[in-house]
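Working notes, beginning with the structure itself.
Order of the sequence lines sets the chain letters (A, B, ...), proteins ahead of strands, with each chain counted from 1.
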Amino acid sequence: MTAPKPGSPATTAARRDILITSALPYANGPIHIGHLVEYIQTDIWARFQKLRGHNCCYVCADDAHGTPIMLKARAEGITPEALIARVAEEHKADFADFRVGFDNYHSTHSDENRYCATLIYERNRDKGHVTARTIEQAYDPVEQMFLPDRFIKGECPKCGAPDQYGDNCEVCGASYSPAELKNPRSVVSGAVPEQRESEHLFFRLADFEPMLRDWTRGGGLQEQVANKLDEWFDAGLKEWDISRDAPYFGFEIPDHPGKFFYVWLDAPIGYMASFKHLCESERGRAAGLDFDAFWGKDSAAELYHFIGKDIIYFHALFWPAMLYGADFRTPTAIFAHGFLTVDGQKMSKSRGTFIKARTYLDHLNPEYLRYYFAAKLGPSVDDIDLSLDDFQARVNADLVGKVVNIASRTAGFVTKRFDGRLASSLPEPGLFEEFTAGGQAIADAYERREYSRAVREIMALADRANQYIDEQAPWVVAKQEGQEERLQGICTQGLNLFRLLIGWLKPILPGTAEAAEQFLKIPSLTWADLSAPLLGHEIAKFKPLMTRVEPQQVQAMLEASKEDLMAPTSAQQSGQGGSEQPAGGAGHLARDPIAGTIDFDTFAKVDLRIARIAKAARVEGADKLLQLTLDLGGETRNVFAGISKAYDPADLEGRLTVMVANLAPRKMRFGVSEGMVLAAGPGGKDLFILSPDTGAEPGMKVK
RNA sequence: GGCUACGUAGCUCAGUUGGUUAGAGCGCGGCACUCAUAAUGCCGAUGUCGCUAGUUCGAAUCUAGCCGUAGCCA
């Protein structure tokens with residue numbers, strides 16, 4: 001059996017073995033709605049394949065290694081193991097609540113991954129694809145560790161912009177090496193980095209050029225991605241540095257004590273490890289899952305990786321090469337998607353559009369976002385935009401106004417007039433068949449990942465169903481004597497059309513589909529069930545399957561996202577797949593490096609004043625905010641401070657503290673904040689407001 | 001800076017190999033209906049297809065340059 005070409009219509013009746021993955025989220029921060037584009041896109045595809053009756057597994061894991069995690073754990077005073085365990089729980093809860101249905105969620109810091117990474121390394125090494133070479137790298141003499149480029153800051157050698165990372169300048173866009181940086185400083189300790197030598201291991205990617213060129217042309221890549229790869233081939237494939245020196249949180253390389261696998265080596269291997277863990281679990285054994293059948297060199301199973309466009313290089317070059325070199329099968333296809341913008345702009349913390357998964361869930365139904373993303377997603381690598389106005393309009397119009405409304409406007413008659421019983425035949429079987437015929441195009445669209453097309457097709461049919469009900473006007477028939485049978489027929493027809501629509505939407509809206517199944521009193525729908533109508537069957541009383549999105553909910557979510565920002569927490573944006581971003585370090589300087597030098601005039605612009613906390617109160621509806629009335633000795637200010645978890649309002653009243661008195665007022669959901677009190681600490685319960693020494697009086701300037 | 005993409009109605013997007021008057025949903029204007037979560041149906045208005053030049057009988061579609069946006073540069 002040969003795997004069908006990816007993107008080919010799902011015409012094959014044979015049961016396919018399919019393994020699907022999403023990129024591994026990095027275990028140093030929370031999931032946000034940008035991440036969710038990928039997990040929702042993948043989950044829809046996995047659910048679709050399962051509904052079609054295929055043997056489909058969807059696995060993922062936390063990407064748990066690397067310098068940022070090591071330093072963040074150290075900054076929190078806990079072990080990396082404790083950190084990644086905590087983050088894993090948060091990630092799993094977020095995914096579960098968004099109904100991302102992983103068959104297994106594992107970690108790259110696992111026995112299975114150590115085994116697979118070691119095996120892949122050793123097999124490649126034994127074939128001569130790994131070489132050792134001494135390189136020069138920046139070294140932090142205080143922390144006694146080598147520094148990744150992103151952990152060195154200094155002035156751009158080209159434009160002189162201060163506070164730039166060691167690899168490129170965000171001001172002028174120049175690329176350079178950390179050694180070129182002027183006045184370089186270690187982000188971890190603030191020390192001046194030294195250049196030191198160290199022996200590193202390199203994966204000889206160029207050995208695989210013929211195989212990779214072949215694989216690239218094999219139809220497993222989107223055209224846009226293949227174009228990008230050609231560019232890399234033309235530039236020549238370079239060796240890949242796969243080792244890092246201690247201290248490092250990862251797997252020690254067996255034959256090189258003190259050296260560790262680079263996080264990006266074992267990250268994709270996490271896909272294998274997660275699947276291996278699934279195979280060896282009770283569930284996996286019961287299902288007869290065989291690791292080798294999926295990963296062996298001649299596997300007939302299909303293997304798909306959904307990833308973001310930023311990590312194509314790793315998945316389309318290193319990963320297939322590593323697998324090939326270690327005598328494993330290569331992926332059937334890589335599906336890259338674009339990034340998410342909100343209202344046409346990059347997600348922004350200050351605009352409140354940097355929305356964490358949890359913040360969204362606190363205010364809105366996950367089905368809304370799943371639907372909206374589906375309505376926008378296609379198979380290309382183009383970015384997609386979350387337009388908040390469009391989001392509300394679309395969810396309300398399409399899902400509540402069109403689809404759910406079909407059931408809502410027919411079910412009442414069935415319950416009241418026919419004891420919930422559907423008619424035993426359809427008055428218009430032709431219309432039903434017209435719908436089921438449309439199901440083929442919808443399936444093809446799903447298979448090709450053209451979700452936006454599938455949604456368009458489904459909504460066109462939903463319009464058709466509403467037209468039918470309008471034409472038949474059951475509310476008129478209901479008032480006519482002796483027309484009971486006709487009324488029951490119309491409603492049965494309408495509910496059957498509704499059932500088809502819900503069945504087709506099930507990969508996108510698993511929760512709503514489940515509620516609809518309960519309403520219809522039917523077992524879990526599969527694609528095959530949709531060919532025949534539901535007749536002579538008793539249904540439950542209709543309850544709203546989905547409520548409308550209210551603008552206030554969206555506003556509240558944005559406000560809450562701004563609150564997250566105000567509380568000085570240590571939350572960091574996580575890069576997918578273990579990019580080495582500074583996330584913490586030894587002590588507070590590492591977590592939050594000292595900012596670039598300013599002159600005295602700049603400092604003098606900040607007017608700091610002693611203030612007496614005249615009143616302090618909790619803010620209804622905000623879990624982090626306290627409303628403070630600050631007495632400046634003649635003038636009072638209303639200030640919101642994100643310190644509710646650290647202080648009891650009663651303990652604050654009467655205290656003296658320090659505030660920024662000339663900060664521009666800021667409008668918040670709860671009122672206008674006219675300044676800011678100063679506090680130190682990572683956030684949550686660990687926040688400490690400043691107090692002046694005895695003798696200070698309200699209104700005194702701090703200088 | 002180099003490369004790869006993207007740029008179509010107020011908004012979000014379709015537009016298959018170049019071929020008549022460029023489409024949909026939302027929003028907007030009007031009418032109808034009242035079963036339904038102010039839901040539904042019918043009718044209508046709305047565009048120099050980023051800009052410029054070229055190829056062609058003919059360009060939203062092909063080519064080049066420019067402008068804007070995103071990502072990558074291991």
* Run the numbers on A/K506 and A/E514 for salt bridge (Lys or Arg N to Asp or Glu O under 4.0 Å), then give the verdict. => CA-CA 8 Å; A/K506 195 173 174 182; A/E514 207 182 300; over 6 Å; no
Determine the Euclidean distance between corresponding [atom1] atoms of [M] and [N]; express it in Å to zero decimal places.
N: B/A36; M: B/C31; atom1: P; value: 24 Å
N: B/G29; M: B/A45; atom1: P; value: 16 Å
N: B/A5; M: B/C42; atom1: P; value: 41 Å
N: B/G7; M: B/A60; atom1: C1'; value: 12 Å
N: B/G27; M: B/A39; atom1: P; value: 8 Å
N: B/G18; M: B/U34; atom1: C1'; value: 50 Å
N: B/G23; M: B/U16; atom1: C1'; value: 14 Å
N: B/G15; M: B/G30; atom1: C1'; value: 30 Å

* Structure fact -> Residues passing the ring-ring contact (aromatic ring centres under 6.0 Å, His included) test with A/W240, sequence neighbours excluded, are A/F318
* Can you tell me if A/H337 uses its side chain to pair, donor with acceptor, with the backbone of A/K309 under 3.5 Å? -> no
* Under 3.5 Å donor-acceptor, A/E199 side chain and A/A132 backbone -> no
Whole-Å gap separating [atom2] ([N]) and [atom1] ([X]):
X: A/R409; N: B/A38; atom1: CZ; atom2: P; result: 13 Å
X: A/E457; N: B/U16; atom1: CD; atom2: P; result: 15 Å
X: A/E450; N: B/A24; atom1: CD; atom2: C1'; result: 16 Å
X: A/R448; N: B/U16; atom1: CZ; atom2: P; result: 14 Å
X: A/K402; N: B/A24; atom1: NZ; atom2: P; result: 12 Å
X: A/Q392; N: B/G27; atom1: CD; atom2: P; result: 12 Å
X: A/N396; N: B/U40; atom1: CG; atom2: C1'; result: 15 Å
X: A/M347; N: B/U69; atom1: CE; atom2: C1'; result: 17 Å

* Paired and unpaired positions of RNA chain B as dot-bracket, Watson-Crick or G-U wobble under 3.5 Å, | denoting a partner strand -> (((((((..((((.....[...)))).(((((.......))))).....(((((..]....)))))))))))).
* What residues form a side chain to side chain contact (heavy atoms under 4.5 Å, CB included) with A/A516, not counting sequence neighbours? -> A/F498, A/I502, A/L545
[X] has a side chain; which of [options] sits nearest to it?
X: A/A393; options: B/C26, B/A39, B/G71; value: B/C26
X: A/K309; options: B/C72, B/G71, B/A39; value: B/G71
X: A/A397; options: B/C72, B/C26, B/U37; value: B/C26

* To do: Could you give me the CA-CA distance, side-chain angles and deciding distance for A/W45 and A/F306, then say whether ring-ring contact (aromatic ring centres under 6.0 Å, His included) is met?
  => CA-CA 10 Å; A/W45 211 64; A/F306 284 77; 5.8 Å; yes
Touch check for [X], heavy atoms < 4.0 angstrom, all strands: base, sugar-phosphate only, or nothing?
X: A/G412; result: nothing
X: A/M459; result: nothing
X: A/L399; result: nothing

* Asked: When you check every protein heavy atom under 4.0 Å of nucleotides 8-14 of chain B, what one-letter string (B, S, -) results, 5' to 3'?
  -> ---SSSS
* Drop me the distance from A/R409's CZ to A/N466's CG, to the nearest 0.5 angstrom. => 5.0 Å
* Output the residues of residues 460-496 of chain A in contact with RNA chain B, where contact means a heavy atom of the residue under 4.0 Å from an atom of the strand; sort by number or write none. => A/D463, A/N466, A/Q467, A/D470, A/W475, A/K479
* **Residue closer to the 5' end of RNA chain B, A/K416 versus A/R548 (nearest nucleotide)** => A/K416
* Structure fact -> Note: for A/T341 and A/F318 on RNA chain B, the residue whose nearest nucleotide lies more 5' is A/T341
* Structure fact -> In A/T492, A/L426, A/L422, the residue satisfying side chain to side chain contact (heavy atoms under 4.5 Å, CB included) with A/P533 is A/L426
* Crowding at CZ, A/F146 (>12 non-hydrogen neighbours, <6.0 Å) -> yes
* What's the shortest heavy-atom distance between A/I120 and A/N124, and which atoms? -> O-ND2, 2.9 Å
* Aromatic ring pairing A/H315/A/Y271, orientation class (parallel under 30°, perpendicular over 60°, tilted between) -> tilted
* Give the ring-plane orientation class for A/F203 versus A/F208, where under 30° counts as parallel, over 60° as perpendicular and anything between as tilted. => parallel
* Any residue meeting side chain to side chain donor-acceptor pair (under 3.5 Å) with A/K521, in chain and number order, not counting sequence neighbours -> A/E538
